[in-house]
There are 2 protein chains.
Amino acid sequence: MFVNSKMKQMSHPKSIAVDENVVSCCSPLIGGEMSEVEASDMAQIFGALSDPARLRMLSLIASQEEVCSCALEEPLARSQPTISHHTRILAEAGLITGEKRGRWMWWRVVPERLKDVARILGE
Amino acid sequence: MFVNSKMKQMSHPKSIAVDENVVSCCSPLIGGEMSEVEASDMAQIFGALSDPARLRMLSLIASQEEVCSCALEEPLARSQPTISHHTRILAEAGLITGEKRGRWMWWRVVPERLKDVARILGE
DNA sequence: CGTTCTCATTGACAAACGTCAATGTAAAGG
DNA sequence: CCTTTACATTGACGTTTGTCAATGAGAACG
């Protein structure tokens with residue numbers, strides 16, 4: 001297992017756009033008249049943040065520039081399919097993005113997205 | 001139905017502390033080593049925000065100083081028990097507080113709490 | 001090639017969740 | 001008192017969620 005360590009550089013770093021689920025984030029919470037679709041979009045994002053494993057996953061990824069999927073399995077104590085499941089949910093919420101390089105999937109947070117979400121709450 | 005309207009002032013405004021669930025909010029998400037309990041506490045809060053009905057409810061309450069439970073049933077199109085259920089969850093997450101005055105339950109947001117949550121995400 | 005490795009997908013299952021009808025509770029107002 | 005009113009609690013239900021074993025899909029490497 002390794003996290004963001006230098007390694008023999010892989011061939012073509014093929015950039016993969018992971019599930020940009022086009023969530024039209026985010027009008028502030030306070031600011032009247034919240035449509036049902038707005039509510040659902042926001043709920044999806046908060047839903048992604050509503051699981052302990054995913055929060056710690058996000059925290060782990062945020063603590064490094066980039067983290068390999070393989071580096072999450074152990075600290076989170078979840079099976080590989082479960083890790084894959086959670087990364088997908090975070091990615092669909094736009095909170096992380098992934099790029100496949102060689103055999104590994106590298107994840108990083110999307111700071112602007114986090115700020116967007118923060119702005120929902122901070123008036 | 002009425003929202004925050006002047007009304008014949010009720011007798012003893014009995015202040016009721018609604019379910020202070022002592023959620024030890026909130027160390028920033030980025031900032032390494034997130035314990036399981038921290039994660040669970042945060043997850044509880046985000047979980048409260050992860051339902052469209054609750055988000056619209058919170059938005060409604062935030063749009064006025066104070067909102068009566070009875071004023072939520074109609075705009076949210078949910079039954080009275082369901083409204084009660086949701087207010088409880090928001091209150092347990094510390095996002096709103098309620099006070100029973102006369103026959104009515106009045107809810108208001110806890111802005112500091114919202115800011116706390118925002119601060120988790122905004123580095 | 002064929003093997004190995006990493007991640008995704010599928011299917012299954014128990015637990016948690018959102019919802020409402022029915023019922024309980026307690027204050028208000030005659 | 002007794003009735004009304006507003007909210008809480010309970011019980012039941014279908015749906016969603018978190019989890020893993022099993023399997024699939026592709027890249028890497030010899």
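Please read these numbers as outputs of a predicted model, since none were measured by experiment. Residue numbering restarts at 1 for every chain, and letters A, B, ... go by the order of the sequence lines.
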Which nucleotide sits closest to the side chain of [X]: [options]?
X: Q80(B); options: dC7(C), dC7(D), dT19(D); answer: dC7(D)
X: M105(A); options: dT19(C), dA8(C), dT19(D); answer: dA8(C)
X: R78(A); options: dA28(D), dT19(D), dT4(D); answer: dT19(D)
X: I89(A); options: dA8(D), dC7(C), dG18(D); answer: dG18(D)

- With no hydrogens and no angle check, is any side-chain donor or acceptor of R108(B) less than 3.5 Å from a backbone partner on E99(B)? no
- Determine yes or no for a side-chain-to-main-chain donor-acceptor pair under 3.5 angstrom, with S59(A) supplying the side chain and L55(A) the backbone. no
At under 4.0 Å, does any side-chain N or O of [X] touch on OP1 or OP2 of [N]?
X: H86(A); N: dT19(D); result: yes
X: H85(B); N: dG18(C); result: yes
X: T82(A); N: dT19(D); result: no

- Message: Suppose the criterion is salt bridge (Lys or Arg N to Asp or Glu O under 4.0 Å): which pairs have a residue in residues 76-86 of chain B, not counting sequence neighbours?
- Response: none
Specify the separation, in whole Å, of atom [atom1] of [X] and atom [atom2] of [N].
X: L72(A); N: dT19(D); atom1: CG; atom2: P; result: 13 Å
X: M57(B); N: dC7(D); atom1: CE; atom2: P; result: 11 Å
X: R103(B); N: dT3(D); atom1: CZ; atom2: C1'; result: 11 Å
X: E99(B); N: dA8(D); atom1: CD; atom2: P; result: 14 Å
X: E74(A); N: dT6(C); atom1: CD; atom2: C1'; result: 16 Å
X: L76(A); N: dC20(D); atom1: CG; atom2: C1'; result: 15 Å
X: R56(A); N: dG18(D); atom1: CZ; atom2: P; result: 15 Å
X: R101(B); N: dA26(C); atom1: CZ; atom2: P; result: 21 Å

Once side chain to side chain donor-acceptor pair (under 3.5 Å) is applied, do any residues pair with [X], and if so which ones, sequence neighbours excluded?
X: S79(B); value: T82(B)
X: H86(A); value: R54(A)
X: S69(B); value: W107(B)

- Message: Just to be sure I understand the geometry, which residues of residues 47-54 of chain B put a non-hydrogen atom under 4.0 Å away from DNA chain C?
- Response: D51(B), R54(B)
- Is S69(A) touching bases, backbone alone, or none of the nucleic acid, heavy atoms closer than 4.0 Å? sugar-phosphate
- Task: State which residues pass salt bridge (Lys or Arg N to Asp or Glu O under 4.0 Å) with R56(A); sequence neighbours excluded, sorted by chain then number.
- Result: E36(B)
